[in-house]
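In this chain, numbering begins with 1 at the start of the sequence shown. Worth knowing before you read on, the calculation uses all heavy atoms, side chains too, and leaves out hydrogens, waters and symmetry mates.
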Amino acid sequence: MSRPMVRATAVIPQGVRPTRLPQPGETPEREMPRWQRPGPVRTTLRYVVLWALAAFFLMPVYVLIVTSFKNPADVSVTRIWELPTSLSFDNFGAVLPKLSSGFRNSLALSIPASLISALLGCANGFVLSKFRFPLSNVVFPLILFGIFVPYQAVIIPVSQTMTGLGLRGSGDATGGLLGLMLIHIIYGLPITTLIFRNHFVSLPDALLESARLDGAGVLRTWVDLAVPLAKPAFAVAVIWQFTSTWNDFMFGAMMTNRDSWPVTIALNNVAGGQSVPFGQAMAGALLVSLPTLAIYVLLGRFFMRGLLAGTLQER
């Protein structure tokens, strides 16, 4: 005759805090050197230093926002730190028409460039992390070498190549935006490939074996298995590519004509005259920074997960 099983349940008395056990690899507090042990004075000092550094680095943001919302008559270099006497949107109304075409051009450039570069980097990272082929150990370092090539080193050959292909300035039906998009897609492949390779390294090989047993080939496995599992890596790649493409000035000035100028050139023209309208320049800079800020807000929760992918594997 079987006996009923009795499940033991630990009851913690009220007012008694359970002892926190150290995690694997974590040094217990009592074994730490005295100077490393957390204390109220040390913790307070740490937070004071961190808040002071944060305030120091946010000073330009304060000036940007305060000056943007000042009345144009109240904007001056000597009163740049003062709060506005009244909330005014005149600077935004004056600068927005000057940036509208640049916004359209930059959006038409940055969104496809970031998505296409992320998809190509996803395919490269998946193949380089999970498949072995001749010279695979050589291909990946060669791709990564592109990260260390500065823009200034390739601007002349890129300019000559795009001119020869008819993708620069007036020779292109898009005013050079198509060639500029191609430059950013190619220039972003090394970093997106690295991001996705680090992500797919942590993908269990058993998943690939299961897909192979179900009759899926490499392309089907990538589409149905790898891409849906790579959302954090996509967030990192899209944030990186969108930010770098949106903030580009040098290639935009080299590749596009007046009608296709990206927003960075339009913003430079606002602040590049003989008399600088500081209110409009600050308002324009605030407007230009909003799309990248929105990308970080929307995809930020995936950002750290994507950066740390592949670095916390059990050996």
Side-chain angles (χ1 to χ4, degrees), residues 98-125 127-128 133-197 236-273 284-285 288-289 291-292 295:
K98 303 177 183 179
L99 300 179
S100 57
S101 62
F103 265 106
R104 291 193 298 268
N105 294 332
S106 289
L107 287 175
L109 167 70
S110 301
I111 294 175
S114 57
L115 293 178
I116 295 173
S117 185
L119 282 173
L120 293 177
C122 179
N124 289 346
V127 172
L128 291 172
F133 53 88
L135 301 179
S136 60
N137 294 329
V138 178
V139 172
F140 183 56
L142 287 178
I143 294 177
L144 287 188
F145 180 74
I147 298 176
F148 306 102
V149 179
Y151 285 0
Q152 295 81 357
V154 297
I155 187 170
I156 294 178
V158 165
S159 174
Q160 294 175 345
T161 302
M162 291 300 171
T163 302
L165 294 175
L167 295 176
R168 182 188 174 197
S170 57
D172 180 15
T174 62
L177 282 179
L178 184 59
L180 185 58
M181 184 189 305
L182 182 61
I183 290 174
H184 285 291
I185 291 173
I186 296 174
Y187 222 98
L189 279 179
I191 186 64
T192 56
T193 299
L194 176 63
I195 291 170
F196 282 100
R197 182 186 179 276
V236 177
V238 169
I239 288 175
W240 179 277
Q241 274 300 100
F242 186 90
T243 303
S244 61
T245 305
W246 183 271
N247 293 333
D248 172 61
F249 178 86
M250 186 179 67
F251 279 135
M254 178 193 74
M255 289 292 301
T256 58
N257 57 20
R258 179 180 293 272
D259 295 332
S260 301
W261 277 344
V263 72
T264 50
I265 300 178
L267 179 62
N268 178 76
N269 292 338
V270 171
V288 170
S289 65
T292 54
I295 290 292

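Side-chain contact check for Thr163 versus Ser159: some heavy-atom pair is nearer than 4.5 Å. In this structure the side chain of Phe251 never reaches within 4.5 angstrom of the side chain of Thr256, judged on heavy atoms. Two residues are said to be in side-chain contact when any heavy atoms from C-beta on lie closer than 4.5 Å; Phe140 and Asn124 fail this criterion. In this structure, Leu177 and Asn105 have side chains that are in contact, with non-hydrogen atoms separated by less than 4.5 Å. By the 4.5 Å heavy-atom criterion applied to side chains, Gln241 and Ile116 are not counted as neighbours. Considering only heavy atoms from C-beta on, Val149 comes within 4.5 Å of Val154 through its side chain. Using a 4.5 Å cut-off on side-chain heavy atoms (C-beta onward), Phe103 and Pro291 make contact. Taking 4.5 Å as the limit, every side-chain heavy atom of Phe196 sits out of range of all side-chain heavy atoms of Leu128.
Annotation for Leu267 and Gly284: closest pair CD1-C, 3.6 Å, computed over non-hydrogen atoms. In this structure, Tyr187 and Gly146 approach most closely via the heavy-atom pair CE2-O, 4.3 Å. Here the closest heavy-atom approach between residue Gln152 and residue Met250 is recorded as N-CE, 4.0 Å. Taking every heavy atom of both residues into account, Met255 and Leu167 meet most closely at CE-O, 3.2 Å. Residues Pro112 and Met181 approach most closely at CB-SD, 3.8 Å, considering heavy atoms. For the pair Arg168 and Met254, the tightest heavy-atom approach, listed with the atom from each and the gap, is NE-O, 3.0 Å.
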Inset, instruction - Check the pair Trp261, Phe249 against ring-ring contact (aromatic ring centres under 6.0 Å, His included), reporting the backbone distance first and the verdict last. - result: CA-CA 9 Å; Trp261 277 344; Phe249 178 86; 9.5 Å; no
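With hydrogens and angles disregarded, a donor-acceptor distance shorter than 3.5 Å links the side chain of Ser260 to the backbone of Thr174. When atom types are taken as modelled, the side chain of Thr192 and the backbone of Leu189 share a donor-acceptor pair closer than 3.5 angstrom. Between the side chain of Ser117 and the main chain of Ser114, no donor-acceptor pair closer than 3.5 Å is present.
Within a 6.0 Å sphere centred on CG of Leu142, other residues, nucleotides and ligands contribute more than 12 heavy atoms.
Among the candidates Ser106, Pro262, Ser289, the single residue satisfying the side-chain contact (heavy atoms from CB on, under 4.5 Å) test with Trp246 is Ser106.
Taking CD1 of Ile265 as the reference point, atom CZ of Arg258 lies at 10.5 Å (rounded to 0.5 Å).
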